[in-house]
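What follows is a single structure, written as structure tokens, with notes after it.
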Protein chains: 2
Amino acid sequence: MSRRRVTLADVAKAAGVSRTTASLVLSGRGRELRISQDVEQRVMRAADELQYRPNIVSVGLRTGITRTIGFVSDTIATSRLAGDMIKGALEAARERGVMLFIGETEGDAELERLLLQAMHDRQVDGLIFASMFTRTIKVPKGITAVPSVLLNALPKQPTPLPAVLPDEVEAGRTAARVLLDAGHRDGIYLIGTGPGMRDVTSGSVAAVERLTGIREVLREAGVKLAGGRVCPDWQPEYGLAATRDLLRTARPRALICFNDRVALGAYQALDDFGLKVPSDVSVVSFDDHPIAAWMRPKLTTVALPHYELGRKAVEVLFTEIGREHDPDRRGEVHRVAMTLQNRESVASAPAT
Amino acid sequence: MSRRRVTLADVAKAAGVSRTTASLVLSGRGRELRISQDVEQRVMRAADELQYRPNIVSVGLRTGITRTIGFVSDTIATSRLAGDMIKGALEAARERGVMLFIGETEGDAELERLLLQAMHDRQVDGLIFASMFTRTIKVPKGITAVPSVLLNALPKQPTPLPAVLPDEVEAGRTAARVLLDAGHRDGIYLIGTGPGMRDVTSGSVAAVERLTGIREVLREAGVKLAGGRVCPDWQPEYGLAATRDLLRTARPRALICFNDRVALGAYQALDDFGLKVPSDVSVVSFDDHPIAAWMRPKLTTVALPHYELGRKAVEVLFTEIGREHDPDRRGEVHRVAMTLQNRESVASAPAT
DNA sequence: CTCCGTTGCTAAATCGGGTTAGCGCCCGAT
DNA sequence: ATCGGGCGCTAACCCGATTTAGCAACGGAG
């Protein structure tokens with residue numbers, strides 16, 4: 001029943017030539033090696049009729065190229081982030097005829113070691129080392145045995161590995177500009193991180209960079225931040241608590257929330273205090289999590305480009321594979337733009 | 001610089017034996033084939049010292065077993081669902097020393113064909129064919145060339161493929177019981193699907209099965225559904241619209257929403273009408289989407305067991321691989337339990 | 001007529017393992 | 001001394017491709 005796979009030998013026999021010739025023709029090297037038109041046609045026809053497909057496992061053994069890359073992440077399930085990032089990587093990989101191995105380390109160094117080993121055993125052509133939220137990571141040694149790219153992560157120690165990251169500083173600028181453009185100059189508060197450069201949620205690269213961009217734009221416009229609240233974690237309950245705390249002593253006109261989950265909590269706190277978004281308080285946020293479009297009013301937010309990050313990582317990986325033996329390649333950092341999702345949570349400041 | 005991989009030949013040479021002997025020892029067949037203790041020790045030591053790892057590509061070519069399975073889904077990014085399902089599959093696979101290829105078809109038949117071909121070319125040991133929401137699918141022919149399992153999907157035509165699905169009927173029963181246990185007997189409405197067996201969101205297996213379970217339990221308790229509203233899609237805006245429409249003519253005591261996104265919309269509508277959850281209206285839902293825990297009050301919902309579904313699929317796939325040549329294997333349907341997440345959105349009915 | 005250079009194709013080695021068939025040696029029995 | 005048989009190991013082939021080295025046939029030059 002189970003028809004055996006068609007092999008190169010079958011094609012060669014059908015075309016009445018040797019395996020060598022068939023291989024040459026099918027790999028497109030027939031021309032330069034002076035294979036006759038007639039033979040070329042016969043091989044092509046035979047391959048076509050038999051529906052020949054080269055066995056990639058075999059090719060992998062012979063050439064060492066498996067048309068396979070590994071996508072290793074700390075965790076893929078926690079945030080929806082992962083989905084789109086993998087989707088982007090998947091599509092970019094498919095365009096190149098390459099498949100993706102997926103692996104999760106759960107942040108466990110031993111699992112990571114095992115996983116990288118398993119990938120090496122399968123002779124992957126390259127590795128994408130991804131983090132689900134932007135942070136600095138310790139680059140596992142041995143990873144350099146194969147071309148690699150860091151995704152959403154920065155190396156703790158300097159390495160020759162390239163990295164792909166969202167442009168968080170510019171995102172901070174964008175968020176600040178949205179408020180300025182709407183005429184806000186007073187009563188702007190931060191929820192999640194800030195107002196000072198030292199008031200940062202620990203371990204969060206995004207916090208530092210977003211804050212940097214926000215402060216830069218406001219400073220240039222001569223606008224002073226009215227205040228801010230740090231959240232230990234950017235979850236709705238902390239956003240709720242921080243905003244409540246703020247509202248007990250202040251009457252903000254605009255909130256910059258450090259992500260959409262925090263913004264969800266902020267909405268709830270504003271509702272508790274009888275404040276309407278955006279007429280009483282404008283809110284702008286980051287990430288463009290699915291809930292942003294479900295909230296009422298719909299949340300204006302600067303989107304994380306998950307899909308593009310995934311794509312870009314694959315693209316960078318392929319140029320890396322191309323220049324594998326280039327001695328002066330070194331870890332460039334690629335920034336992917338974060339674009340504004342302009343929705344309903346920002347209103348003009350009342351004229352003074 | 002790039003130290004070549006250690007091969008079996010290196011180990012054999014270091015141990016002073018032939019490749020055959022080394023292979024025999026390392027595959028554990030040394031004992032039965034009367035290899036001496038001394039030689040066995042030497043091989044083991046050599047392998048250990050050289051940190052030998054068999055090249056899986058090579059083994060794949062020789063034995064046809066690649067320790068690799070393919071996970072093909074229609075789309076992995078749309079819902080967060082995918083993440084946990086893949087996570088479950090990933091862990092079950094890792095326990096068996098197997099890696100996962102991920103692929104997305106986007107519901108495109110041509111992409112699907114190409115993807116399955118790419119998987120075959122890589123000699124996967126098995127395939128998981130997943131859908132991101134429960135539905136019936138046309139099983140691609142040619143899929144049976146390799147052991148396969150349907151995940152979250154039922155075949156349109158009868159096939160010998162096993163399927164793994166959430167136990168939606170029992171979930172419907174659970175949701176209904178939650179309300180009955182809280183003393184609700186009147187004013188129970190459905191949002192999303194129902195109240196009749198013909199009022200079903202088209203193409204949704206979950207709708208039919210959940211409704212079946214709900215109606216069964218209520219009927220047995222002698223309770224009549226007060227009504228229901230069908231949503232063309234289970235999104236917040238439709239939930240909002242349907243609930244608003246309902247509230248214009250009725251005063252429900254309890255709502256069974258067909259998923260959490262619909263419930264989010266329902267919350268918003270109830271809020272618009274000044275009704276409090278759960279004191280005025282109890283709400284129970286399905287899925288346990290992340291927002292369920294973020295809503296206020298936190299949503300009581302019957303959870304989709306994504307993680308378990310992924311695990312189960314791999315388990316079933318492996319028994320399938322085991323009985324590959326068993327003539328009387330046929331597509332069993334495995335149901336995975338959906339468990340109640342009891343939170344804050346259901347209150348006791350007022351005593352009559 | 002011999003020699004040389006093309007032309008057009010193929011034999012054989014190779015990748016790194018698994019697997020089958022069988023070889024040499026030692027021991028005891030005849 | 002010869003034979004048979006178990007023991008312990010290995011040579012050689014195989015998986016399905018790529019790649020190197022080289023062979024046969026032919027035509028033109030010397």
Side-chain angles (χ1 to χ4, degrees), chain A residues 2-44 46-47 50-68 97 120-123 125, chain B residues 2-44 46-47 50-68 120-125:
Chain A
S2 71
R3 54 207 181 336
R4 198 180 46 84
R5 269 188 80 92
V6 176
T7 73
L8 186 62
D10 298 327
V11 175
K13 200 198 290 178
V17 299
S18 72
R19 282 181 7 244
T20 308
T21 306
S23 173
L24 257 26
V25 169
L26 292 173
S27 62
R29 307 207 306 138
R31 284 287 149 68
E32 64 182 277
L33 285 175
R34 313 163 302 197
I35 301 291
S36 68
Q37 293 282 325
D38 172 50
V39 167
E40 178 168 324
Q41 300 267 325
R42 278 184 1 240
V43 171
M44 292 300 214
L50 296 175
Q51 301 204 53
Y52 168 71
R53 313 214 80 230
N55 181 329
I56 296 196
V57 176
S58 169
V59 175
L61 178 59
R62 178 64 233 251
T63 65
I65 295 165
T66 53
R67 308 197 70 72
T68 293
H120 277 133
D121 292 349
R122 284 168 179 79
Q123 307 257 72
D125 298 335
Chain B
S2 70
R3 55 210 179 331
R4 199 179 45 83
R5 271 188 77 94
V6 175
T7 72
L8 185 61
D10 299 327
V11 174
K13 199 199 292 179
V17 300
S18 71
R19 279 178 17 240
T20 308
T21 305
S23 172
L24 256 25
V25 169
L26 293 173
S27 63
R29 307 210 304 140
R31 285 286 149 68
E32 64 182 279
L33 283 176
R34 314 163 302 197
I35 301 291
S36 69
Q37 295 280 326
D38 173 50
V39 167
E40 178 168 322
Q41 301 266 326
R42 266 163 36 218
V43 171
M44 292 299 215
L50 296 174
Q51 301 205 52
Y52 170 71
R53 313 216 78 229
N55 181 329
I56 297 196
V57 177
S58 167
V59 176
L61 178 58
R62 178 65 232 251
T63 65
I65 295 165
T66 53
R67 309 198 70 72
T68 292
H120 277 132
D121 291 349
R122 284 169 178 78
Q123 305 256 74
V124 293
D125 298 336

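Naming convention: chains lettered A, B, ... in sequence-line order (proteins, then strands); numbering from 1 in each chain.
- The side-chain heavy atoms of A:Arg67 and B:Arg122, taken from C-beta on, include a pair separated by under 4.5 Å.
- Between A:Met44 and A:Val25, the closest side-chain pair of non-hydrogen atoms falls below 4.5 Å.
- Residues of residues 33-43 of chain A having a heavy atom closer than 4.0 Å to DNA chain D: none are found.
- In this structure, the side chains of B:Val11 and B:Val6 come closer than 4.5 Å at one or more pairs of heavy atoms.
- Only A:Arg19, A:Thr20, A:Ser23, A:Leu24, listed by number, bring a heavy atom of residues 12-30 of chain A to less than 4.0 angstrom from any atom of DNA chain D.
- Nearest heavy-atom pair, B:Ser58 versus A:Leu61, reported as atom, atom and distance to 0.1 Å: CB-CD1, 3.8 Å.
- Formation of a donor-acceptor pair under 3.5 Å by the B:Thr66 side chain with backbone atoms of B:Gly60 is not found in this model.
- Between the CD1 atom of A:Ile65 and the P atom of D:dA17 there is a distance of 16 Å, rounded to whole Å.
- By the side chain to side chain donor-acceptor pair (under 3.5 Å) test, A:Arg62 is found to be paired with no residue, residues two or more places apart in sequence or in another chain being considered.
- Look at B:Tyr52 and you won't find any side-chain N or O under 4.0 angstrom from OP1 or OP2 of C:dG16.
- Within the structure, side chain to side chain donor-acceptor pair (under 3.5 Å) pairs that include any residue of residues 11-21 of chain B comprise B:Ser18-B:Thr21 (at least two apart or interchain).
- Near DNA chain D, meaning a heavy atom under 4.0 Å away, the residues from residues 54-64 of chain B are B:Leu61, B:Arg62.
- Sorted by first then second residue, the salt bridge (Lys or Arg N to Asp or Glu O under 4.0 Å) pairs that include residues 32-41 of chain B, not counting sequence neighbours, are B:Arg31-B:Glu40, B:Asp38-B:Arg42.
- When all heavy atoms of B:Leu50 and B:Ala14 are compared, the pair lying nearest together is CD1-CB, 4.0 Å.
- Between A:Asp121 atom CG and C:dG16 atom P the separation is 13 Å, expressed in whole Å.
- Rounded to whole Å, atom P of D:dC15 lies 11 Å from atom CG of A:Asp10.
- Spacing between atom CG of A:Leu8 and atom P of D:dT19 amounts to 12 Å, rounded to whole angstrom units.
- A side-chain donor-acceptor contact under 3.5 Å links B:Arg5 to the backbone of B:Arg53.
- Looking at heavy atoms from C-beta onward, B:Leu26 lies in side-chain contact with B:Leu8 at the 4.5 angstrom threshold.
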